[in-house]
Number of protein chains: 2
Amino acid sequence: MGRRTCHYGGVASTSASAGVLLRHVRTGRARSRADLVALTGASRNTISARVDQLIAANLLEEGGRGWSTGGRPPTLLQFNSRAGCVLAVDLGVTSVDVAVTDLSAQILGTVGHPIDIADGPGAVLAEVDRLAQQVLADVGLTPGDVCAIGIGVPGPVEFPTGRPSHPPIMPGWHDYPVPSAFGRYECPVYVDNDVNVMALGEIGVAGSSQDVLVVKVGTGIGCGVIVDGRVYRGAQGSAGDIGHIHVAQPDGRTVVCRCGQENCLEAIAGGGALLRDAIAAGLPVGTVREVVRLAAEGNGVALELVRGAGRTIGTVLASLVNFFNPHRIVMTGGVAQAGVPLLAGIREAVYRRSMPLAARALEITVSEAPDLSGRVGAALMAIEEFLDEESVQALAR
Amino acid sequence: MGRRTCHYGGVASTSASAGVLLRHVRTGRARSRADLVALTGASRNTISARVDQLIAANLLEEGGRGWSTGGRPPTLLQFNSRAGCVLAVDLGVTSVDVAVTDLSAQILGTVGHPIDIADGPGAVLAEVDRLAQQVLADVGLTPGDVCAIGIGVPGPVEFPTGRPSHPPIMPGWHDYPVPSAFGRYECPVYVDNDVNVMALGEIGVAGSSQDVLVVKVGTGIGCGVIVDGRVYRGAQGSAGDIGHIHVAQPDGRTVVCRCGQENCLEAIAGGGALLRDAIAAGLPVGTVREVVRLAAEGNGVALELVRGAGRTIGTVLASLVNFFNPHRIVMTGGVAQAGVPLLAGIREAVYRRSMPLAARALEITVSEAPDLSGRVGAALMAIEEFLDEESVQALAR
DNA sequence: GGACTAATGGTCAGTGGTGAGCAAAAGTCT
DNA sequence: AGACTTTTGCTCACCACTGACCATTAGTCC
């Protein structure tokens with residue numbers, strides 16, 4: 001999601017734009033026109049007119065009456081999440097997942113396929129398109145029903161244009177105009193870094209104006225930074241790149257990272273490192289997923305490996321907690337599926353080394369569906385951006 | 001400065017509020033009405049009316065004609081920085097500096113005095129008031145001329161109320177309503193953490209919408225975090241508290257910090273540590289200031305100590321650069337007066353351990369006046385907040 | 001049933017910003 | 001000198017939002 005600036009001037013500056021109203025209803029902050037009046041401070045008049053517009057546009061529905069608080073009960077408003085659908089693409093290094101969701105990011109159908117990101121944008125995006133057609137057909141929809149497309153890719157992206165920007169692990173993708181590959185859907189295409197996308201998925205429909213870190217532990221380690229409910233990107237768009245932060249090994253060991261540096265966080269505690277250490281410990285595993293499963297089954301060695309990774313990640317997060325003082329940290333990605341042992345290691349390190357003021361109220365959790373957050377986040381990104389543009393159009397009418 | 005939210009609705013939502021126009025002129029982004037039209041997108045009509053209001057309020061002045069670009073030359077607009085004055089207070093642990101500045105944060109007069117912050121708010125603020133009266137008299141102004149007061153204090157502050165919040169090194173100050181001590185000035189009083197205040201001073205008149213870290217190395221080490229030109233505070237307002245981030249000592253030594261933890265950044269590389277190490281190395285010094293002076297004079301031992309501190313700070317900053325990807329890092333505080341050797345150590349560590357994408361364009365500098373940035377920042381905070389409130393009033397008329 | 005209350009709809013004058021159009025001022029370019 | 005350009009001032013129709021007012025609806029409370 002792009003940094004949303006305050007629109008001064010122009011059509012979008014209205015005190016209660018259609019997009020804002022929609023967001024209030026979608027997030028459940030508002031259930032009636034009266035709620036919207038209270039939330040936005042706009043006049044009943046304005047709200048009424050806008051809500052009528054949104055109902056006419058089929059984006060809102062009236063849904064019966066609510067509880068009375070002494071007088072006439074409110075007419076409940078509902079977001080019509082079936083007003084359209086979006087394509088959500090979670091592009092990984094070795095696989096891609098494509099989902100069709102409704103406008104509430106509820107997954108209607110999904111399909112995955114192994115790929116090699118290094119095959120380049122042409123081949124990979126053709127495969128994505130094939131999967132999209134397949135999953136659309138599965139749920140009985142056509143390309144014409146797609147309102148927007150959201151794509152998360154494993155590398156930095158110049159968000160406004162949807163072009164990857166010097167991605168280290170996506171050879172051949174630099175500056176490729178990803179949206180152009182979906183021209184035939186005739187709808188907006190939003191592309192962002194997969195971690196940013198996941199972060200959106202974890203904070204839910206944007207709006208919780210909080211400061212959150214979403215840490216993805218997969219093969220590598222990355223972090224989505226949410227400042228006041230919005231994705232923070234930094235100067236070059238590389239904020240949250242915590243995988244190559246230097247970590248001191250207590251035993252003085254040295255591990256060389258794929259980036260060439262020594263003792264990077266992800267070289268010690270990432271999924272690749274976990275697999276390597278599990279094999280070295282004699283566990284019968286061939287993938288990270290298997291290590292995580294062993295830990296989930298209670299295998300002592302696997303448990304200790306995961307917990308150790310958590311501790312290492314926790315030492316880095318402890319520093320970031322002091323610096324960033326987030327409300328919440330959410331763990332996601334493949335390794336996060338291990339759940340409890342990872343969390344235990346992280347909490348151990350964070351609570352030991354962060355300042356009490358910042359750590360006391362800090363919530364550290366694991367994503368409820370680490371394997372889905374990429375798709376859900378991509379869908380949410382597409383929905384949020386789409387509805388904002390839509391709202392401007394609604395106003396223009 | 002408080003997190004400035006996007007004002008939807010109400011009087012302040014105008015596309016080009018007086019405060020915004022003023023800021024454009026003050027920062028030099030706009031020099032004429034035409035510039036303001038181009039910058040804000042508002043109509044000529046609106047801009048003209050607003051500028052007239054501001055001129056009537058004596059906040060803007062017309063100042064001759066500018067260069068022609070082919071047609072009629074613009075009438076230049078100037079901010080009238082003599083329309084009032086502000087009090088800027090830089091409250092330290094062992095001393096306080098009070099300055100009177102004009103509305104451009106130009107210092108008209110200043111005076112300092114040793115204090116002990118532990119004497120509590122009553123005694124200390126009485127002393128501040130005495131100094132304020134003195135410096136006002138020095139420059140021929142009266143309390144009635146003061147438009148606003150800005151105060152930086154060495155601890156966390158609940159900004160909206162101006163009350164310190166569990167400050168670890170300000171015994172007796174918790175929840176004390178600092179602004180109430182300046183009631184007789186009958187003007188708004190803004191209180192914030194000294195590091196946040198300094199950060200404001202370093203980015204200049206707010207508006208450079210950039211992401212910046214302002215690192216203060218005094219007795220302790222703290223960091224002001226600027227996100228998109230605004231102070232970032234985090235969940236409990238303790239963001240930027242990097243002094244107690246854990247640092248691995250290469251030689252395995254252990255240093256106990258005043259906070260009780262081991263190997264905190266400021267216990268190894270703060271001013272106190274620098275003094276301790278300088279004395280241990282046999283240098284004839286009694287204060288941090290003297291160590292810094294020796295380094296400035298080219299003393300080899302002092303130089304190496306400062307550079308070493310820089311390296312240690314740099315290892316922490318390297319992690320933060322990866323995570324935060326700032327445009328710029330500015331060093332300030334007493335130790336930063338050492339300049340080159342400190343910077344050399346920091347750059348050495350940062351460029352070695354940060355990701356190239358984030359480090360390449362990163363600017364690391366030393367404040368131009370580390371000893372003044374507290375006062376200038378406090379003045380700027382007061383001015384910015386005051387002019388924003390003023391602008392709302394101007395609109396109400 | 002009657003009084004009260006909250007949610008909503010509709011009307012209408014008032015206000016503030018927009019954008020177009022006209023005019024004047026004060027330069028540059030040929 | 002005359003054409004052109006840019007900046008600024010002024011007027012006016014237009015539009016969106018506000019706030020006041022009145023009316024209706026559909027509940028609760030007594």
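Just the heavy atoms: all of them, side chains too, but no hydrogens, waters or symmetry mates, feed the values below. Every value quoted in this text rests on a predicted model; they were computed, and no experiment measured them. Naming convention: chains lettered A, B, ... in sequence-line order (proteins, then strands); numbering from 1 in each chain.
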Do the side-chain N or O atoms of [X] get closer than 4.0 angstrom to the phosphate oxygens (OP1, OP2) of [N]?
X: Thr46(A); N: dT18(D); value: yes
X: Ser48(A); N: dT8(C); value: no
X: Arg50(A); N: dA16(D); value: no

I want to verify a distance call: between [options], whose nearest atom is closest to the [X] side chain?
X: Arg33(B); options: dT18(C), dT8(D), dT8(C); answer: dT8(D)
X: Asn45(A); options: dG19(D), dT8(D), dG9(D); answer: dG19(D)
X: Asp52(A); options: dT8(C), dG9(C), dT11(D); answer: dG9(C)
X: Ser43(B); options: dT18(D), dT8(C), dG19(C); answer: dG19(C)

Arg44(A): salt bridge (charged side-chain N to carboxylate O under 4.0 Å, His left out) partners, not counting sequence neighbours =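 In terms of salt bridge (charged side-chain N to carboxylate O under 4.0 Å, His left out), with neighbours along the sequence ignored, Arg44(A) is linked to no residue.
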Check: [Y] and [X] side chains under 4.5 Å, non-hydrogen atoms:
X: Pro188(A); Y: Ile149(A); answer: no
X: Leu59(B); Y: Leu387(B); answer: yes
X: Val231(A); Y: Phe159(A); answer: no

Please check if atom CZ in Arg31(B) has more than 12 non-hydrogen atoms from other residues, nucleotides or ligands closer than 6.0 Å.
->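 For Arg31(B), atom CZ is not crowded (no more than 12 foreign heavy atoms under 6.0 Å).
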Just by protein heavy atoms under 4.0 Å, how would nucleotides 23-30 of chain D read 5' to 3' in B, S and -?
-> -BBBBS--
All side-chain hydrogen bond (donor to acceptor under 3.5 Å, both in side chains) counterparts of Asn193(B), not counting sequence neighbours =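 If we apply the side-chain hydrogen bond (donor to acceptor under 3.5 Å, both in side chains) test to Asn193(B), skipping adjacent residues, there are no hits.
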Could you state the atom-to-atom distance from [atom1] of [X] to [atom2] of [N] in whole Å?
X: Leu36(A); N: dC17(D); atom1: CG; atom2: P; result: 14 Å
X: Leu21(A); N: dC17(D); atom1: CG; atom2: P; result: 10 Å
X: Glu62(A); N: dT8(C); atom1: CD; atom2: C1'; result: 10 Å
X: Asp35(A); N: dT8(C); atom1: CG; atom2: C1'; result: 13 Å

Specify the residue among Arg31(B) and Ile47(A) whose closest nucleotide of DNA chain D lies further upstream toward the 5′ end.
->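 That would be Arg31(B).
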Rounded distance [0.5 Å steps], CG in Asp52(B) versus CD in Glu62(B) =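 Nearest 0.5 Å value for the CG-CD distance: 8.0 Å.
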